[in-house]
A.B. asks: 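Handing you this structure, nothing more for now.
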Protein chains: 2
Amino acid sequence: MYIVIMKADDLHHLIWMSRPLMQAAEACVEAGLDGTGLTVRMRAVLEILHRHGAQTVPDIAGRLEINRQYVQVMCNEVLASGFVEQRENPRHKRSPLLALTDRGRDLFQETLSRDLMLLDEIGAALPAEDVSKALGVVLAVTSLLKKTAGERQ
Amino acid sequence: MYIVIMKADDLHHLIWMSRPLMQAAEACVEAGLDGTGLTVRMRAVLEILHRHGAQTVPDIAGRLEINRQYVQVMCNEVLASGFVEQRENPRHKRSPLLALTDRGRDLFQETLSRDLMLLDEIGAALPAEDVSKALGVVLAVTSLLKKTAGERQ
DNA sequence: GTCAAATTGACATGTATATTGTCATCATGA
DNA sequence: TCATGATGACAATATACATGTCAATTTGAC
């Protein structure tokens, strides 16, 4: 009985820590972007292009799970910044591929490596096994919550 | 080396799961609030009052870590809803205490118990120890990220 | 090859969730 | 009593989306 109560309590706390965690992470990324001319949402586009290579705007929207029109705005911003350029798309003449420019790639790799260093620092304080278990729990909880939200409707 | 890479990767994933987790949790709460006349942010106020007893608006803002002016708006909503009422504050004549009305208490307890049932259900699929460790990791990561964001500025 | 249907980019509008700033009023405590 | 601070109200701004529409063009089925 006691254990059950404790668990629900921890679970409750875990779930409601998601917002502070997200805010802290975003603040951290934002602070790391200071001076680069990038915003967090521009960085998101660069990350997709870095990880998955050249993509069209609708492709990026799909990966970000954000609607096409808003991602279009984000992409226009990175295009204007010069960190991304349009390339001809052999598969669709009116929908160019967006690709990182050399400047964009350099910049993103720089911020990425700084972020990875930070992750290593943070990770140093935590047992690898705990991190991996935490990820498992969070993934499971998220998927169960999603399912429940659907059912509750 | 391999382990370090794995850990940073898991950590990265864990951190960026915070948004989907939060969204899933909010969607779930919202679905559970359907028909009660409450919104998620109104519920947040009720939860504070339920857990900590009667509070002033600035007190609630402090606990929610949201700025005073916005919490004022949230509180005005719950006051209008009739689930919360103003009481005289012996410590400050211009700043009344907000307290749950009987209706508010009943309603909140009902939604709370439904949510606790859900938590138990979700918890049933997870070892208590893992949940507790996950919470520990998330708390640690959040606090380290907050610290870093501050330093990076 | 033709033509209907789908895709794309652009733009306008709406909404939720905040933050920031200002101001008058009033309470508190030195 | 009087400076200081707390409170509530209001306005402006920002961010992060969703939705809807439209023209141009592309694709694919026939």
Side-chain angles (χ1 to χ4, degrees), chain A residues 16 18-20 22-31 33-34 38-45 47-48 54-80 84-98 149, chain B residues 16 18-20 22-31 33-34 37-45 47-48 54-80 84-98 149 153:
Chain A
W16 295 114
S18 62
R19 179 187 282 269
M22 200 197 76
Q23 284 173 339
E26 285 194 354
C28 219
V29 167
E30 202 177 352
L33 253 31
D34 194 52
L38 287 176
T39 62
V40 177
R41 70 192 193 185
M42 287 163 78
R43 194 203 125 114
V45 174
E47 186 158 10
I48 297 292
Q55 310 264 307
T56 65
V57 171
D59 290 341
I60 297 169
R63 297 207 188 265
L64 290 175
E65 296 182 70
I66 296 176
N67 80 347
R68 190 177 61 79
Q69 287 87 338
Y70 184 54
V71 173
Q72 183 78 46
V73 173
M74 295 162 66
C75 289
N76 291 349
E77 282 176 5
V78 279
L79 280 168
V84 163
E85 65 187 5
Q86 294 186 330
R87 291 200 193 145
E88 229 169 81
N89 182 359
R91 306 193 50 191
H92 199 303
K93 285 197 183 153
R94 280 197 68 220
S95 188
L97 291 171
L98 303 189
Chain B
W16 296 113
S18 63
R19 178 187 283 269
M22 199 196 76
Q23 284 173 338
E26 285 194 354
C28 218
V29 168
E30 202 177 351
L33 253 31
D34 194 51
L38 286 176
T39 62
V40 177
R41 67 192 196 185
M42 286 164 77
R43 194 202 124 113
V45 173
E47 185 158 10
I48 297 292
Q55 310 264 308
T56 65
V57 171
D59 289 342
I60 298 169
R63 297 209 187 265
L64 290 175
E65 296 182 66
I66 297 177
N67 77 351
R68 191 177 61 81
Q69 288 87 337
Y70 185 52
V71 173
Q72 183 78 44
V73 173
M74 296 162 65
C75 289
N76 291 349
E77 282 175 5
V78 280
L79 280 169
V84 163
E85 64 187 4
Q86 293 186 331
R87 290 198 195 147
E88 227 170 82
N89 183 358
R91 304 192 51 188
H92 199 302
K93 286 201 178 147
R94 281 196 67 217
S95 188
L97 291 170
L98 303 189
Q153 287 286 359

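Only this structure's heavy atoms are used, side chains among them; waters, hydrogens and symmetry mates stay out. By convention in this document, chain letters (A, B, ...) are assigned in the order of the sequence lines, proteins followed by strands, and residues within each chain are numbered from 1.
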A.B. asks: Using a 4.0 Å heavy-atom cut-off across all strands, classify V57(A) as base, sugar-phosphate, or nothing.
C.D. replies: sugar-phosphate
A.B. asks: Check whether any side-chain N or O of N67(A) sits under 4.0 Å from OP1 or OP2 of dA18(D), and answer yes or no.
C.D. replies: yes
A.B. asks: Checking side-chain contact (heavy atoms from CB on, under 4.5 Å) against V71(B), which of D59(B), I48(B), I66(B) comes through?
C.D. replies: I66(B)
A.B. asks: Indicate yes or no: at least one non-hydrogen side-chain atom of E65(B) is less than 4.5 angstrom from one of Q23(A).
C.D. replies: no
A.B. asks: Starting at CD of E77(A) and ending at C1' of dA16(D), how long is that distance when rounded to a whole Å?
C.D. replies: 11 Å
A.B. asks: Is there a side-chain contact between E88(B) and L97(B), using heavy atoms and a 4.5 Å cut-off?
C.D. replies: no
A.B. asks: Measure the distance from CG on N76(B) to P on dG8(D) and round it to the nearest whole Å.
C.D. replies: 9 Å
A.B. asks: Nearest to the I66(B) side chain among dT7(D), dA18(D), dT19(C), which nucleotide is it?
C.D. replies: dT19(C)
A.B. asks: Measure from CZ on R19(B) to P on dT15(D) and round the result to the nearest Å.
C.D. replies: 14 Å
A.B. asks: Given dC10(D), dT7(D), dT19(D), identify the nucleotide with an atom nearest to the side chain of Q69(B).
C.D. replies: dC10(D)
A.B. asks: Rounded to whole Å, how long is the line connecting atom CG of L97(B) with atom P of dA27(C)?
C.D. replies: 15 Å
A.B. asks: When you measure from the side chain of S95(B), which nucleotide among dA10(C), dG8(D), dG9(C) comes out closest?
C.D. replies: dG8(D)
A.B. asks: Rounded to whole angstroms, how far apart are CE on M42(A) and P on dT15(D)?
C.D. replies: 13 Å
A.B. asks: Rounded to the nearest angstrom, tell me the gap between atom CZ in R68(A) and atom P in dC17(D).
C.D. replies: 17 Å
A.B. asks: Report the nucleotide, chosen from dG9(C), dA16(D), dG8(D), that has the shortest atom-to-atom distance to any side-chain atom of P96(B).
C.D. replies: dG8(D)
A.B. asks: Tell me: CG of D59(B) to P of dA6(D), nearest whole Å?
C.D. replies: 12 Å
A.B. asks: Measuring to OP1 and OP2 of dG8(D), would you say a side-chain N or O of R94(B) lies under 4.0 angstrom away?
C.D. replies: no
A.B. asks: Can you tell me the distance, in whole Å, between the CD atom of E65(B) and the P atom of dT19(C)?
C.D. replies: 11 Å
